[in-house]
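Note sheet for the following structure.
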Amino acid sequence: MSLAVSLRRALLVLLTGAIFILTVLYWNQGATKAQAYNEALERPHSHHDASGFPIPVEKSWTYKCENDRCMRVGHHGKSAKRVSFISCSMTCGDINIWPHPTHKFLLSSQTHSFSVEDVQLHVETSHREVRKQLQLAFDWFLKDLRQIQRLDYVGSSSEPTVSESSSKSRHHADVDPAATLFGATFGVKKVGDLTSIQVKISVLKSGDLNFSLDNDETYQLSSLTEGRRLQVEITANSYFGARHGLSTLQQLIWFDDEDHLLHTYANSKVKDAPKFRYRGLMLDTSRHFFSVESIKRTIVGMGLAKMNRFHWHLSDAQSFPYISRYYPELAEHGAYSESETYTEQDVREVAEFAKIYGVQVIPEIDAPAHAGNGWDWGPKRGMGELAMCINQQPWSFYCGEPPCGQLNPKNNHTYLILQRLYEELLQHTGPTDLFHLGGDEVNLDCWAQYFNDTDLRGLWCDFMLQAMARLKLANNGVAPKHVAVWSSALTNTKCLPNSQFTVQVWGGSTWQENYDLLDNGYNVIFSHVDAWYLDCGFGSWRATGDAACAPYRTWQNVYKHRPWERMRLDKKRRKQVLGGEVCMWTEQVDENQLDNRLWPRTAALAERLWTDPSDDHDMDIVPPDVFRRISLFRNRLVELGIRAEALFPKYCAQNPGECI
């Protein structure tokens, strides 16, 4: 009897203890969940989350190269080593970089594996500032490689800052003023075939870091394997050529999801140079606001594609987001909200970041038209009417799209404000030989309400010449060599001197103005609406009127457009074509769509202007090799956190050539 009682007591104690332990575990689990939830809320969001990488591993398939095409083969349950799609693509057929090199290239069939921790830089140049800039560019090159390799970033920040890199640069520059050596020292190392990748960059001539259409952008790249070490040499005459060499090197490297290492060629040679000097992208930040982060993301894509001009259409009639040092009233009255503004520091930051990727920032304050909201405070400051027709109705009488607004050409305060704005923007973006004044779509009926006894077209001409004079004053008394304006009824006259003004041609590629401008001696930048306007084809955004251009410009449309060939230009007129620019007007685009509206269509222009490959095919047909390379380049953009538009079904990407 006593034994039974003792057993019951023991069981009761054990049961009570078990209940207590389960209760503690339950509450601890709840506390852990709550803590994890709170940490998730506090953790900064990043596009570079390695656990959620946008390109999935494809373990079910292996690939083999047949007739310069990668063929997909099932790999279900097989023990043999799998060949990933990217490794097959990079070793099968033509060189797989974008844009295609213009001169010689040679790649070995043998490849090696390595980790980003193995990569080191050696700079040779007599120019201290060039050395510092190259070190900064190399920091970001390593950051991009870490992203490609799916590695977590070191420290609290995923991005090297300008100040951190500059400090590092000063330290190493003091050690050896003729050459600098430093390596990536990150966490636990994954071992590949190579123990060291030495990247030697030599800038032989120019020490100029200022952007110019005369910058020498040529480069040569070579690599050679010696034992378990890979020696890479990039040789250029300027920083800008060397930066393009880094972009090519980045595309000669890929991540293999079979061994989780980076791969590159055992030996390689590339000799390269652009066909056109101006390779641009324009973004309108007035009709919708875009964050500095999204602009930087765009510049990363531009650098990888070797584009070199970011045309920042800062303001328009819809909004004035830039906070001017001298005239903050412009943003106070013109910005959509306090948070949708750009400070002086923002503009400097974008310009400095862009230089790291070899891209110049060209700001534009459009004038005299396309200027309304933000310019209505003049009377309160005793400066008179700075602008006219602001938000006037019916809008179709006084402007091309609502809201209306046009600067007052007979108010000297208007010109002073423009001069101060030019001065600020030049300080933020650095010395330049090219500046954009805007100047298009002036509505003479707007001015006619106020100046009906005046030669209105002459007034427009006088305004642009005054703006040019103010730009010269803002630029320390020196007029930039190329002062750009949009094509318009004014540029169809000979009002603006062809020795000073460059015309950005936005009209149709078959319009007579294309020939007339060249015949009148103007240098031109082509941005034809029927080929290089990326905002077209999304339907009307108004209940009445056209309100949109159509149809959608596919990447093939962008790529196939060769106006200099279609116009049959002779050598003299061909030299007047500085290059081209895709335009993203943002009536129907905000930050949520920016990446996929720009990419990879912008890349199509990049190859057209860098390589300008000959075109023996039908006007609407793009060679299969181009499909293969742009598809892979699109994946490279996605690897870097750029949400580029899909080109075709993934089956077509996995089976190159089958869908074309």
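These numbers were taken from a predicted model, which means no experiment stands behind them. In what follows, residues are counted from 1 in the order of the sequence shown.
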- Task: Quick one: do Glu124 and Glu233 satisfy side chain to side chain contact (heavy atoms under 4.5 Å, CB included)? Show the steps, please.
- Result: CA-CA 11 Å; Glu124 283 194 357; Glu233 289 194 16; over 6 Å; no
Nearest 0.5 Å, what's the [atom1]-[atom2] distance between [X] and [Y]?
X: Leu609; Y: Glu581; atom1: CG; atom2: CD; result: 10.0 Å
X: Lys200; Y: Ile234; atom1: NZ; atom2: CD1; result: 12.0 Å
X: Ile97; Y: Leu107; atom1: CD1; atom2: CG; result: 8.0 Å

- Tyr342 and ring-ring contact (aromatic ring centres under 6.0 Å, His included): which partner among Phe290, Phe289, Tyr322?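 For Tyr342, the ring-ring contact (aromatic ring centres under 6.0 Å, His included) test succeeds with only one of Phe290, Phe289, Tyr322, which is Phe289.
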Measure from the side-chain N and O atoms of [X] to the backbone N and O of [Y], and report whether any donor-acceptor pair falls under 3.5 Å.
X: Lys271; Y: Gln220; answer: no
X: Trp98; Y: Ala603; answer: yes
X: His288; Y: Thr586; answer: yes
X: Asp118; Y: Ser196; answer: no
X: Asn215; Y: Ser238; answer: no
X: Thr611; Y: Pro613; answer: no
X: Ser87; Y: Ser84; answer: no
X: Arg69; Y: Pro656; answer: yes
X: Trp506; Y: Ser487; answer: yes
X: Asn308; Y: Val359; answer: no

Considering residues at least two apart in sequence or located in another chain, which fulfil the side-chain contact (heavy atoms from CB on, under 4.5 Å) criterion with [X]?
X: Phe648; result: Phe627, Ser631, Cys652, Ala653
X: Leu204; result: Ser202, Thr235, Asn237
X: Cys88; result: Tyr63, Cys65, Cys70, Val83, Cys92
X: His127; result: Thr125, Val130

- Message: His528: which residues meet the ring pair (Phe, Tyr, Trp, His ring centres under 6.0 Å) condition with it, sequence neighbours left out?
- Response: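 Partners of His528 by the ring pair (Phe, Tyr, Trp, His ring centres under 6.0 Å) criterion, ordered by chain and then number, come out as Phe526, His561.
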- Message: Once side chain to side chain donor-acceptor pair (under 3.5 Å) is applied, do any residues pair with His244, and if so which ones, sequence neighbours excluded?
- Response: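 Partners of His244 under the side chain to side chain donor-acceptor pair (under 3.5 Å) test: Glu217.
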- Would you say Lys269 has more than 12 foreign heavy atoms packed within less than 6.0 Å of its NZ?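 No, not enclosed.
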- Does atom NZ of Lys205 have more than 12 heavy-atom neighbours, drawn from other residues, nucleotides or ligands, at distances under 6.0 Å?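 Counting neighbours around NZ of Lys205, 12 or fewer heavy atoms of other residues, nucleotides or ligands fall under 6.0 Å, so no.
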- For the residue pair Phe310 and Trp312, does the interplanar ring angle fall in the parallel (under 30°), tilted (30 to 60°) or perpendicular (over 60°) class?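 If you compare the ring of Phe310 with that of Trp312, the planes turn out tilted.
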- On the 0 to 90° scale, with breaks at 30° and 60°, tag the Tyr357-Trp140 ring pair as parallel, tilted or perpendicular.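 Ring orientation of Tyr357 relative to Trp140: perpendicular.
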- Query: Can we call the ring centroids of Trp486 and His311 under 6.0 Å apart?
  - Reply: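 Here the rings of His311 and Trp486 have centres that are less than 6.0 Å from each other.
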- Message: So that I know where these two stand, are Phe240 and Phe211 an aromatic pair - ring centroids less than 6.0 Å apart?
- Response: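 Yes, the ring of Phe240 comes within the 6.0 Å limit of the ring of Phe211, centre to centre.
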- Walk me through it: do Gln198 and Gln120 pass the test side-chain hydrogen bond (donor to acceptor under 3.5 Å, both in side chains)? CA-CA 5 Å; Gln198 297 282 342; Gln120 297 177 315; 2.4 Å; yes
How far apart are the closest heavy atoms of [X] and [Y], and which atoms are they?
X: Ala351; Y: Val361; answer: CA-CG2, 3.8 Å
X: Asn514; Y: Met567; answer: CB-CE, 3.6 Å
X: Asp366; Y: Gly438; answer: OD1-CA, 3.1 Å
X: His263; Y: Ser113; answer: NE2-CB, 3.7 Å

- Query: Under the side-chain hydrogen bond (donor to acceptor under 3.5 Å, both in side chains) criterion, do Thr218 and Asp216 qualify, and how do the steps go?
  - Reply: CA-CA 6 Å; Thr218 62; Asp216 187 342; 2.7 Å; yes
- Apply the test side-chain hydrogen bond (donor to acceptor under 3.5 Å, both in side chains) to residues Ser291 and Glu591: give CA-CA distance (whole Å), side-chain angles for both, the deciding distance (0.1 Å), then the verdict. CA-CA 8 Å; Ser291 68; Glu591 195 154 329; 2.7 Å; yes
- Query: Can you list the steps and then say if Phe85 with Leu632 is a side chain to side chain contact (heavy atoms under 4.5 Å, CB included)?
  - Reply: CA-CA 10 Å; Phe85 172 73; Leu632 198 66; 4.3 Å; yes
- Taking 4.0 angstrom as the limit, do Lys132 and Glu129 come out as a salt bridge?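 Salt bridge: yes.
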- Starting from the C-alpha separation in whole Å, work towards a yes-or-no answer on side chain to side chain contact (heavy atoms under 4.5 Å, CB included) for Val524 and Thr502. CA-CA 6 Å; Val524 299; Thr502 293; 5.8 Å; no
- Task: Using the ring of Phe538 (Phe, Tyr or Trp, six-membered ring only), decide whether Arg597 places NZ or CZ under 6.0 Å from its centre and within 45 degrees of its axis.
- Result: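 Yes, a cation-pi geometry holds between Arg597 and Phe538.
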- Item | With Arg629, the side-chain hydrogen bond (donor to acceptor under 3.5 Å, both in side chains) member among Glu607, His100, Gln251 |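 Single pass found, and it is Glu607.
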- Task: Test Leu283 against Trp585 for side chain to side chain contact (heavy atoms under 4.5 Å, CB included), laying out the working first.
- Result: CA-CA 7 Å; Leu283 179 64; Trp585 301 103; over 6 Å; no
- Message: Checking Gln576 against Tyr522: is there a side-chain donor and acceptor pair closer than 3.5 Å?
- Response: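 Absent: no donor and acceptor within the cut-off.
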- Give the intermediate values and the outcome of salt bridge (Lys or Arg N to Asp or Glu O under 4.0 Å) for residues Asp535 and Arg553. CA-CA 8 Å; Asp535 56 299; Arg553 302 350 180 190; over 6 Å; no
- Item | Candidate pair Asp272 and Trp610, rule side-chain hydrogen bond (donor to acceptor under 3.5 Å, both in side chains), full reasoning | CA-CA 9 Å; Asp272 207 2; Trp610 180 276; 2.9 Å; yes
- Item | Intermediate values then yes/no, ring-ring contact (aromatic ring centres under 6.0 Å, His included), Trp564 and Phe276 | CA-CA 11 Å; Trp564 41 89; Phe276 289 94; 4.5 Å; yes
